[in-house]
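To start, the structure under review is shown below, and the notes come after it.
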Amino acid sequence: MTHFLDINKTDPAALRSIIDSAINMKQARKDAPRGYLDTDTPLAGHVVALIFEKPSTRTRISFDVGVRQMGGQTMVLSGADMQLGHGETIADTGRVISRYVDLIMIRTFEEATLLEMAEYATVPVINGLTNRTHPCQIMADIMTFEEHRGPIKGKKVVWSGDGNNVFASFAHAAAQFGFDLTFTGPDTLDPESIFLDEARAKGANVSIERDPHLAVEGADLVVTDTWVSMHDPQSARERRHNQLRGYQVNAELMSMAKPNALFMHCLPAHRDDEATSEVMDGPNSVIFDEAENRLHVQKAIMRHCLGV
Ligand code: CP
Ligand code: NVA
């Protein structure tokens, strides 16, 4: 069974082939007439369940459209509407859904839910975000970086802000793709140390620098994300904003990175909180390419999982 649960659980050769396949599929559609079907339809006859226990714009639409472009069908399900939200176990749900569909994508809260689904499902499971990681997003980010700047290996990526689920997948990717990663943020919002320790154990150069200005020196890519994630209590909003204000990505901070440093944000963004509109809409921002590439890279991830 080929699941796609996290970037550290898929081997580097397979990750590289997913990125290459995504770039090829994107290219193949480039000059095609507008319309949803790819010329190659490897998912014809397949049904994909897309389960959401949290809101989503990009993940929901890009998976749904991606399956359709490849000739498959989707069912978009909300956790609350399923028996999952009314006490049926994840294990039973996974076993049942596997009798109907060919692939499951799930966005959920606890990582344990994703892992239990993967353990009991008899079809591949893809992680569409948990409280701990967001691997599909970082695959799209790597694709986007490489489209604009060539191989990410050896480049310097700086994350400014909350040490959250999106950062964690960057830490996984630093080891698998061989780029340097610096986290800058307040120590109260550090990433879980296991993400940094594991990346270091695999030979990645990952570091923490409290001063955002020093952190971005020599950066090829500056990344941030919302200061309050979906799983964070709203009551923590004001405290988080106070702690993170000094880590806003603004024109002054970007001016200390390399002149051609890219700016990324997985979106949705809170403009003028974690990043200014000037940076988000500026010449170095690739945020909408990132969003588009979710579509292409997830198509490649689904093909990898299904072996088609
Ligand atoms: N970046 C991302 O996953 O966006 P959605 O929450 O809209 O899916
Ligand atoms: N860190 C954010 C990412 C949203 C795509 C969250 O978990 O809410």
Side-chain angles (χ1 to χ4, degrees), residues 4-7 22 48-67 74 76-79 104-114 126-145 157 159-173 183 185-186 188-192 195 221-237 240-241 243-244 247-249 263-271 273-275 280 285-299 301-302:
F4 188 76
L5 300 179
D6 269 317
I7 290 178
V48 179
L50 305 173
I51 305 173
F52 290 90
E53 294 199 286
K54 285 174 176 169
S56 169
T57 296
R58 280 143 289 269
T59 306
R60 177 180 166 145
I61 300 173
S62 57
F63 264 104
D64 198 340
V65 170
V67 172
T74 57
V76 182
L77 305 157
S78 101
I104 298 168
M105 189 290 312
I106 180 166
R107 165 170 287 194
T108 188
F109 288 86
E110 300 305 325
E111 182 176 64
T113 304
L114 169 80
I126 295 175
N127 176 359
L129 178 145
T130 70
N131 295 358
R132 286 192 88 215
T133 59
H134 195 5
C136 293
Q137 180 66 55
I138 278 50
M139 292 298 282
D141 293 359
I142 288 166
M143 174 181 174
T144 307
F145 184 90
V157 176
W159 176 280
S160 185
D162 180 21
N164 66 12
N165 47 0
V166 179
F167 174 82
S169 287
F170 262 110
H172 284 158
F183 170 81
T188 44
L189 296 172
D190 269 350
E192 284 177 51
F195 293 118
L221 168 62
V222 179
V223 195
T224 191
D225 184 16
T226 180
W227 288 343
V228 186
S229 283
M230 290 182 274
H231 60 275
D232 291 321
Q234 276 304 314
S235 56
R237 188 176 179 279
R240 286 175 155 268
H241 274 239
Q243 290 170 330
L244 286 160
Y247 294 92
Q248 182 192 64
V249 182
F263 169 73
M264 290 192 193
H265 187 311
C266 66
L267 305 179
H270 301 81
R271 283 175 174 260
D273 284 343
E274 67 268 17
M280 291 181 64
S285 171
V286 289
I287 56 176
F288 298 112
D289 290 341
E290 256 187 290
E292 176 184 340
N293 285 338
R294 293 291 301 279
L295 167 67
H296 306 295
V297 92
Q298 287 159 190
K299 286 169 71 178
I301 290 169
M302 289 188 276

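Since this is a predicted model, take the numbers as computed values, not measurements. All ligand and atom numbering here is 1-based and tracks the order in the structure.
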Original post:
Between R107 and ligand 1, which residue portion shows a heavy-atom distance shorter than 4.0 Å: side chain, backbone, both, or neither?
Top reply: side chain
Original post:
Which one holds for L267 and ligand 1: side chain close, backbone close, both close, or neither close, with close meaning a heavy atom under 4.0 Å?
Top reply: backbone
Looking only at N/O atoms, are [X] and ligand 2 under 3.5 Å apart anywhere?
| X | value |
| --- | --- |
| H134 | no |
| M230 | yes |
| R107 | no |

Can you tell me if [X] uses its side chain to pair, donor with acceptor, with the backbone of [Y] under 3.5 Å?
| X | Y | value |
| --- | --- | --- |
| N165 | H134 | no |
| R107 | P55 | yes |
| N164 | F167 | yes |
| R240 | W227 | yes |
| T133 | P135 | no |

Original post:
Does H134 come within less than 4.0 Å of ligand 1, judged by its heavy atoms?
Top reply: yes
Original post:
Between D64 and T74, is a side chain to side chain donor-acceptor pair (under 3.5 Å) present by the stated rule, with each step listed?
Top reply: CA-CA 6 Å; D64 198 340; T74 57; 2.7 Å; yes
**OP:** Could you find the nearest protein heavy atom to atom 4 (O) of ligand 1 and give me its residue, atom name and distance?
**Re:** R58 NE, 2.8 Å
Original post:
For atom 7 (O) of ligand 2, what is the nearest protein heavy atom, given as residue, atom name and distance?
Top reply: N165 ND2, 2.8 Å
Subject >> Side-chain touch D141/V157, heavy atoms, less than 4.5 angstrom >> reply: no
Original post:
How does L129 reach ligand 2, by side chain, by backbone, by both or by neither, if only non-hydrogen atoms under 4.0 Å count?
Top reply: side chain
Subject >> Nearest non-hydrogen partners of T224 and S160, listed with the distance >> reply: OG1-O, 2.7 Å
**OP:** Show which atoms of ligand 2 fall inside a sub-4.0 Å distance from at least one heavy-atom site of D225.
**Re:** 1 (N), 2 (C), 3 (C)
Original post:
At a 4.0 Å threshold, what atoms of ligand 1 neighbour a non-hydrogen atom of T57?
Top reply: 5 (P), 7 (O), 8 (O)
Subject >> Enumerated ligand 1 atoms positioned under 4.0 Å from heavy atoms of C266 >> reply: 1 (N)
**OP:** Would you tell me which option among E290, M230, R294 has the nearest heavy-atom contact to atom 2 (C) of ligand 1?
**Re:** R294
Original post:
When H296 is tested against each of E292, Q298, K299 for side-chain hydrogen bond (donor to acceptor under 3.5 Å, both in side chains), which residue passes?
Top reply: E292
